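Below is one structure, written out as structure tokens; the observations come after it.
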Amino acid sequence: MVSNFITDMQTVANDRRHKAFSNVSHVKQYPTEDEVIQFYHSKEWRRIRQSVLERDHGIDQWELTERGRLIPGDTVHHIVEIREHWELRNDIDNLETISKGNHNREHIEKGNKNLNKSRHKIDNFKVKNSVKSRDVQDEIF
């Protein structure tokens, strides 16, 4: 039963990623840094962020889809970056819960010089069929 639940969650997270990339327009809108900062301090962002955390049950969606592991997530991440596609900033299908560690791996500006750009290609978003279980402190199970 837990295995079916995890597989269903993987499928939903994977579908969300595909949808986020399919919603990207070919015209990029580049916000100013002030606009980005104002957005992340807005009531609207806090409301959307809370909705995403609840929808994802506080589970790191990247870890779930890529490694089949359930670990807590506390950061809401834009799948398609808002600095490249400002029009998707409030699109709930462009948001996912991930851990701070995985969020830092996603962003070069957070110190990851070896970011694998191909990770953002839709072809790489495949649902894994097996769920790995390890005795790791921050795993939910």
Side-chain angles (χ1 to χ4, degrees), residues 1-134 136-141:
M1 181 156 186
V2 171
S3 179
N4 289 342
F5 174 72
I6 293 170
T7 301
D8 290 346
M9 287 184 65
Q10 286 175 315
T11 301
V12 168
N14 193 48
D15 290 346
R16 185 179 312 111
R17 289 177 176 197
H18 285 284
K19 186 175 181 179
F21 279 101
S22 68
N23 286 342
V24 172
S25 69
H26 295 289
V27 177
K28 291 186 176 183
Q29 297 179 16
Y30 296 99
T32 65
E33 197 57 32
D34 285 343
E35 288 174 318
V36 172
I37 291 168
Q38 285 177 352
F39 170 70
Y40 282 123
H41 287 92
S42 70
K43 287 181 183 179
E44 180 179 26
W45 170 247
R46 287 192 296 274
R47 182 188 55 77
I48 293 169
R49 181 184 181 282
Q50 186 60 40
S51 295
V52 171
L53 290 169
E54 289 171 7
R55 178 198 66 199
D56 295 342
H57 306 287
I59 296 172
D60 183 320
Q61 301 297 291
W62 185 88
E63 198 75 31
L64 175 65
T65 58
E66 298 297 321
R67 296 186 178 154
R69 293 180 57 218
L70 294 177
I71 67 167
D74 55 2
T75 301
V76 175
H77 170 67
H78 284 89
I79 298 166
V80 176
E81 295 300 320
I82 66 169
R83 284 178 173 84
E84 295 177 14
H85 288 281
W86 182 243
E87 73 278 10
L88 297 177
R89 69 190 174 279
N90 293 322
D91 185 347
I92 198 159
D93 291 324
N94 185 42
L95 296 167
E96 64 184 351
T97 302
I98 63 175
S99 65
K100 284 185 179 146
N102 281 333
H103 192 249
N104 289 343
R105 282 186 209 104
E106 286 291 310
H107 294 283
I108 290 175
E109 70 274 13
K110 304 257 185 210
N112 183 5
K113 304 298 183 205
N114 298 317
L115 181 66
N116 182 357
K117 291 289 186 183
S118 66
R119 181 215 173 298
H120 292 289
K121 292 182 182 174
I122 296 173
D123 294 339
N124 290 339
F125 298 132
K126 297 179 181 173
V127 175
K128 298 193 167 113
N129 293 327
S130 63
V131 176
K132 299 174 188 97
S133 178
R134 291 183 21 208
V136 177
Q137 183 180 8
D138 60 353
E139 278 194 50
I140 293 174
F141 292 109

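Count residues from 1 along the sequence. Model, not experiment: these values are computed from the prediction.
Inter-residue side-chain proximity for Arg89 and Glu35 is flagged as unmet; no heavy-atom pair is nearer than 4.5 Å. Side chains of Asn102 and Glu96 form no contact here, defined as non-hydrogen atoms less than 4.5 Å apart.
Taking the six-membered ring where tryptophan is involved, the planes of Trp86 and Phe39 are perpendicular, since the angle between them exceeds 60° and thus also 30°.
Between Ile98 and Gln61, the shortest heavy-atom contact is CG2-N, 4.2 Å. The two residues Pro72 and Ser99 have their closest heavy-atom pair at O-CB, 3.7 Å. Of all heavy-atom pairs spanning Asp60 and Glu63, the tightest one is OD1-N, 2.8 Å. Counting all heavy atoms, side chain and backbone alike, His103 lies closest to Thr75 at CG-CG2, 3.7 Å. In terms of heavy-atom proximity, Arg83 sits nearest to Tyr30 at O-CD2, 3.2 Å. Across every non-hydrogen atom of Arg49 and Val76, the tightest pair is CG-CG2, 3.4 Å.
Put simply, CH2 on Trp62 and CD1 on Ile71 are 9.0 Å apart, with the number rounded to the nearest 0.5 Å. Once rounded to the nearest 0.5 Å, the distance linking CH2 of Trp45 with CD1 of Ile82 reads 7.5 Å. Here the NE2 atom belonging to His77 is positioned 8.0 Å from the CG atom belonging to Asn94, to the nearest 0.5 angstrom.
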Stepwise side chain to side chain contact (heavy atoms under 4.5 Å, CB included) check, Ile92 with Arg55
CA-CA 10 Å; Ile92 198 159; Arg55 178 198 66 199; 3.5 Å; yes
Side chain to side chain contact (heavy atoms under 4.5 Å, CB included) between Leu64 and Leu70, intermediate numbers included:
CA-CA 6 Å; Leu64 175 65; Leu70 294 177; 3.6 Å; yes
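Evaluation of the side chain to side chain contact (heavy atoms under 4.5 Å, CB included) rule for Asp74 yields Lys100 as partners, not counting sequence neighbours.
The main-chain N or O of His41 is found under 3.5 Å from a side-chain atom of Arg46 such that the two form a donor-acceptor pair.
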